[in-house]
Visitor: 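Here you go, one structure.
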Amino acid sequence: MSVVDSRPQQPIIRVQGLRTVLGGHTIHQDLDLEVRRGEVLGVVGGSGTGKSVLLRTIVGLIRPAGGTVEVFGEDMATLKDGERRACETRWGVLFQDGALFSSLTVAQNVEVPLREHLRLPQRLMDEIAALKISMVGLPASSGAKFPSELSGGMRKRAGLARALALDPEIVFLDEPTAGLDPIGAAAFDELINALQRRLGLTVFMVTHDLDSLDTSCDRIAVLAEKQVLLTGTMHEMLAHDHPWVREYFHGPRARAALAAETAGPEAHA
Ligand SMILES: Nc1ncnc2c1ncn2[C@@H]1O[C@H](COP(=O)(O)OP(=O)(O)O)[C@@H](O)[C@H]1O
Ligand SMILES: [Mg+2]
């Protein structure tokens with residue numbers, strides 16, 4: 001908490017009364033969500049509940065049918081093109097499918113947002129790419145490699161390096177550990193935690209991974225019935241009696257998280 005500024009902090013993302021309609025189907029109805037600056041928010045929900053659509057709506061790729069989306073205190077719907085582009089430089093996105101350009105090297109992929117938003121000499125872009133590649137724990141040699149030459153976990157890291165290219169304040173991650181083995185997933189969680197601490201990032205992370213939720217997330221938002229049904233800590237999720245929440249957080253996949261929870265708070269250190 002800042003000593004200089006004692007005003008209550010405005011949420012960095014504020015979604016109010018959001019209605020999203022795609023292909024004639026209402027995906028979100030009256031959805032409210034706030035993300036606080038500096039927190040890691042985990043977004044969970046059954047398959048097809050609209051987690052990815054929510055992420056894409058917040059970053060302006062899908063236009064809401066109703067309600068408001070504010071990021072950095074700006075109402076996204078009222079921004080002019082230039083203002084929107086300025087906002088886009090302040091967040092980075094790792095989409096669900098990773099989506100690195102297969103014909104570009106890892107370093108060139110990281111440079112894509114730099115080219116899109118800044119005019120920098122090539123040498124400086126190369127330096128920034130190398131820095132981001134090292135920040136996500138990839139060896140320097142991977143910069144010259146093509147995505148197809150990397151493992152799944154390394155590709156996720158490369159995608160994260162690209163998301164960090166413009167020194168964003170918010171990083172949006174859509175199921176970053178999906179498809180990784182448990183060790184790779186745990187390493188990625190640690191990386192997110194370390195970056196969040198070091199850079200003071202705000203992280204909006206869609207995930208199915210209960211371990212990620214437990215180790216990385218300050219708060220969890222549950223998407224169900226077209227809304228954010230509840231937000232809270234892992235502890236609060238475990239105490240909640242909504243059927244989906246119970247099933248999800250107490251089902252067989254929840255064993256590890258539950259074990260950590262019952263072992264007491266020191267297990268979370
Ligand atoms: N571009 C689109 N056009 C029409 N329907 C879509 C589109 N994208 C997603 N949907 C639908 O919206 C719903 C939510 O999708 P999504 O957000 O991808 O779910 P998830 O929670 O698994 O990420 C699904 O029923 C999906 O079929
Ligand atoms: Mg999804």
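Bear in mind that the values here come from a model prediction, so they are computed numbers and not experimental data. Start at 1 and go down the list; that is how both ligands and their atoms are numbered.
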Visitor: Less than 4.0 Å between atom 14 (C) of ligand 1 and some protein heavy atom, yes or no?
Guide: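 Yes, because at least one protein heavy atom sits under 4.0 Å from atom 14 (C) of ligand 1.
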Visitor: To the nearest 0.1 Å, how far is atom 3 (N) of ligand 1 from its closest protein heavy atom, and which atom is that?
Guide: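 For this ligand atom, the closest protein heavy atom is L22 CB, 4.0 Å.
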Visitor: Looking only at side chains, do S52 and Q96 share a donor and an acceptor under 3.5 Å apart?
Guide: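 The answer is yes; a qualifying pair exists.
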Visitor: Under 4.0 Å from any heavy atom of S47, which atoms of ligand 1 are there?
Guide: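 Result: 22 (O).
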Visitor: Between E111 and R162, is the closest basic N to carboxylate O distance under 4.0 Å?
Guide: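 No, R162 and E111 are not salt-bridged.
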Visitor: Going by atom types alone, do H242 and E247 pair a side-chain donor with an acceptor below 3.5 Å?
Guide: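 Distance-only check fails for H242 and E247.
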Visitor: Would Q96 count as a polar contact of ligand 1, with the cut-off being nitrogen or oxygen pairs under 3.5 Å?
Guide: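 No.
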Visitor: Report the C-alpha distance between D75 and T68 in whole Å, list the side-chain angles of each, state the deciding distance to 0.1 Å, and finish with yes or no for side-chain hydrogen bond (donor to acceptor under 3.5 Å, both in side chains).
Guide: CA-CA 7 Å; D75 182 345; T68 55; 5.6 Å; no
Visitor: Nearest protein heavy atom to atom 18 (O) of ligand 1, by residue and atom, and its distance?
Guide: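 Protein heavy atom at minimum distance: S52 CB, 3.6 Å.
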Visitor: Starting from atom 17 (O) of ligand 1, find the nearest protein heavy-atom neighbour and note its residue, name and distance.
Guide: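 Protein heavy atom with the smallest distance to atom 17 (O) of ligand 1: V53 N, 2.8 Å.
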Visitor: Do the ring planes of W91 and F72 sit parallel (below 30°), tilted (30 to 60°) or perpendicular (above 60°)?
Guide: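 If you compare the ring of W91 with that of F72, the planes turn out parallel.
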Visitor: Please state which protein non-hydrogen atom is closest to atom 11 (C) of ligand 1 and give its distance, to 0.1 Å?
Guide: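 For this ligand atom, the closest protein heavy atom is I27 CD1, 4.1 Å.
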Visitor: For atom 19 (O) of ligand 1, which of the options G23, G45, G48 provides the nearest non-hydrogen atom?
Guide: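 Selected option, by shortest heavy-atom distance: G48.
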Visitor: Has T177 got a side-chain atom pairing as donor or acceptor with L180's backbone, closer than 3.5 angstrom?
Guide: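 Not a single qualifying donor-acceptor pair exists.
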Visitor: Are any N, O or S atoms from Q96 nearer to the Mg ion (ligand 2) than 2.8 Å?
Guide: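 Yes, since at least one N, O or S atom of Q96 sits under 2.8 Å from the Mg ion (ligand 2).
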Visitor: Do you see a protein non-hydrogen atom under 4.0 Å from atom 27 (O) of ligand 1?
Guide: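 So far as the 4.0 Å threshold goes, atom 27 (O) of ligand 1 is out of reach of every protein heavy atom.
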